[in-house]
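The structure presented is a predicted model; accordingly, all values stated were derived computationally and were not measured. By convention in this document, chain letters (A, B, ...) are assigned in the order of the sequence lines, proteins followed by strands, and residues within each chain are numbered from 1.
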Number of protein chains: 2
Amino acid sequence: MRTGVRLSIEQHLPIAGQPPPERADAARNRARILAAMRELLIERTPCAISIDDVAAAAGVGKGTIYRRFGDRGRLMQALLDEREKAFQAAVLSGAPPLGPGAGPCERLIAFLCALVDQLEDVGDLIAEVETGQQWLVSPPQRFRRLHVRVLLSDARPDLDAEAIAEALLAPLNAESYHHQRRHAGHSPERIKGALQALTTALLT
Amino acid sequence: MRTGVRLSIEQHLPIAGQPPPERADAARNRARILAAMRELLIERTPCAISIDDVAAAAGVGKGTIYRRFGDRGRLMQALLDEREKAFQAAVLSGAPPLGPGAGPCERLIAFLCALVDQLEDVGDLIAEVETGQQWLVSPPQRFRRLHVRVLLSDARPDLDAEAIAEALLAPLNAESYHHQRRHAGHSPERIKGALQALTTALLT
DNA sequence: ACAATAACCGGACCTAAGTCCGGTTAAACC
DNA sequence: GGTTTAACCGGACTTAGGTCCGGTTATTGT
């Protein structure tokens, strides 16, 4: 008995947590779309780039973009994927105080400040990512919540770390942050200072 | 010399802070629109009501709605106007601990809890109000920021009250709050607890 | 190499927010 | 009451995100 049939069955069965790889043309189009997006970002702000613009620049149809990325938010998110990987690595295994080695309070402050820096670098892109409810349950955001929650309960096991983590991260939503920077006119350092004051008051 | 000319000039000069009253038909249409909106809200959730729906129900053109209210957010905001007036009155001259008479820390906690209660009551309407950047500089939101800022600097003049006020109010954005309730599954009491923990840690 | 088929492609289409402008009407003045 | 005019009205139009489906193509098994 040949193994062909069994292989065929295996390929038709969905493997939990491992969606089958993209077809060659699909992967090519994904790369084209991301490349076109990066080109457009050189000369325009993200909010001035429509999906139709990206489709035209990439030489694909609009439907292709939505099939590959789901919605506008996840397309923007894909552009930040590299940066996010590096960020998570720095947090999980980088140098203190962001990485392990420092105390929880110190690490938490460093983490929140790093998020501010990130918003300064690519805040307008992150703002586009957050359009739609998808962002709040996305892997990057889940990572942020988990990390804050762990540091909090590490320093103060008596607190409701999960609920407080939400409160500490909320000011770093793109919309809230943009308001603090633009409308209120606060500097990044000032925003960091407020978060640091909250954190130290809570954990010391 | 008759006074007619002078009166005419006065009416054509824009009076600072006091826009001229609406024409009779304009006021009538404003009332019609709000009434139609309230009717629709009885049987549908706010996000399921389009501007065209409101226009049709009110028997006016879509342009009329936009001329009277500016955008969707401010239309929703107008529906909450009564409630907002009552809320501000309770804060400024009501009974403690929300009103004056209690200590700043106690008042601040009561204020944040009152905002949670408000989100429970009319959160989905508030969510619609906050679509667009208009909300963050709207009178209600300015009131919230100012009140928190005053209480903070009253209790701890050494802190950066303005920046910390932003951080304390951010979790009570409709979007953030909705996430905490729905996705994270936190109860209103739990959210209040987190805000109380932050406040007491900061002010005591 | 070839047939069968599942995945993919692209652009027409839908929806809803917000803008614009020609026609209309209320209000002020005589 | 008549005239002037500024404000108002309504619906056609624009824009942009997201969906759908008939035609096409890569992949797999023979």
Quick test: give all pairs of protein nitrogen or oxygen and nucleotides 20-25 of chain C nitrogen or oxygen below 3.5 Å, distance rounded to 0.1 Å.
none

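Side-chain N or O atoms of A:Ser50 include one that pairs as donor or acceptor with a backbone N or O of A:Asp53 at under 3.5 Å.
Closest approach of A:Asp154 and A:Pro157 over heavy atoms only: O-CD, 4.4 Å. In terms of heavy-atom proximity, A:Ala163 sits nearest to B:His186 at CA-CE1, 3.8 Å.
Between B:Arg68 and the phosphate of D:dC9, there is a side-chain N or O to OP1/OP2 separation shorter than 4.0 Å. Between A:Asn29 and C:dC8, a side-chain N or O to OP1/OP2 separation shorter than 4.0 Å is absent.
Of all the residues in residues 42-61 of chain A, A:Ser50, A:Ile51 reach under 4.0 Å from DNA chain D with at least one non-hydrogen atom.
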Which pairs of donor and acceptor atoms, one on a side chain in residues 165-175 of chain B, lie under 3.5 Å apart (sequence neighbours left out)?
unit_1: B:Glu166; atom_1: OE1; unit_2: A:His179; atom_2: NE2; d: 3.4
unit_1: B:Glu166; atom_1: OE2; unit_2: A:His179; atom_2: NE2; d: 3.4
unit_1: B:Asn173; atom_1: ND2; unit_2: A:Ser176; atom_2: OG; d: 2.9

Which donor-acceptor pairs under 3.5 Å do side chains of residues 104-114 of chain A form with protein atoms, sequence neighbours excluded?
unit_1: A:Arg107; atom_1: NE; unit_2: A:Leu98; atom_2: O; d: 3.2
unit_1: A:Arg107; atom_1: NE; unit_2: A:Gly99; atom_2: O; d: 3.0
unit_1: A:Arg107; atom_1: NH2; unit_2: A:Val91; atom_2: O; d: 2.8
unit_1: A:Arg107; atom_1: NH2; unit_2: A:Leu98; atom_2: O; d: 3.3

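Nearest nucleotide to the A:Tyr66 side chain, out of D:dG17, C:dC9, C:dT19: D:dG17.
Applying the side chain to side chain donor-acceptor pair (under 3.5 Å) rule to A:Arg74 yields the partners A:Gln134; only residues at least two apart in sequence or on another chain are considered. The side chain to side chain donor-acceptor pair (under 3.5 Å) check on B:Asp81 picks up B:Lys85, with sequence neighbours excluded.
If you take CZ of B:Arg72 and P of C:dA17, they are 5 Å apart, rounded to a whole angstrom. Taking atom CG of B:Leu40 as the reference point, atom C1' of C:dA16 lies 16 Å away to the nearest angstrom. For the pair B:Phe69 CZ and C:dG18 P, the computed distance is 14 Å after rounding to whole Å. The CD atom of B:Gln134 sits 14 Å away from the C1' atom of C:dG18 (whole-angstrom rounding). For the pair B:Ile65 CD1 and D:dC8 P, the computed distance is 16 Å after rounding to whole Å. As a whole-Å value, the separation of A:Lys62 NZ from D:dG17 C1' is 6 Å.
Salt bridge annotation for B:Arg145-B:Glu162: absent, with no cationic side-chain nitrogen under 4.0 angstrom from a carboxylate oxygen. A salt bridge does not link B:Glu39 to B:Arg44: none of the charged side-chain nitrogens sits closer than 4.0 Å to a carboxylate oxygen.
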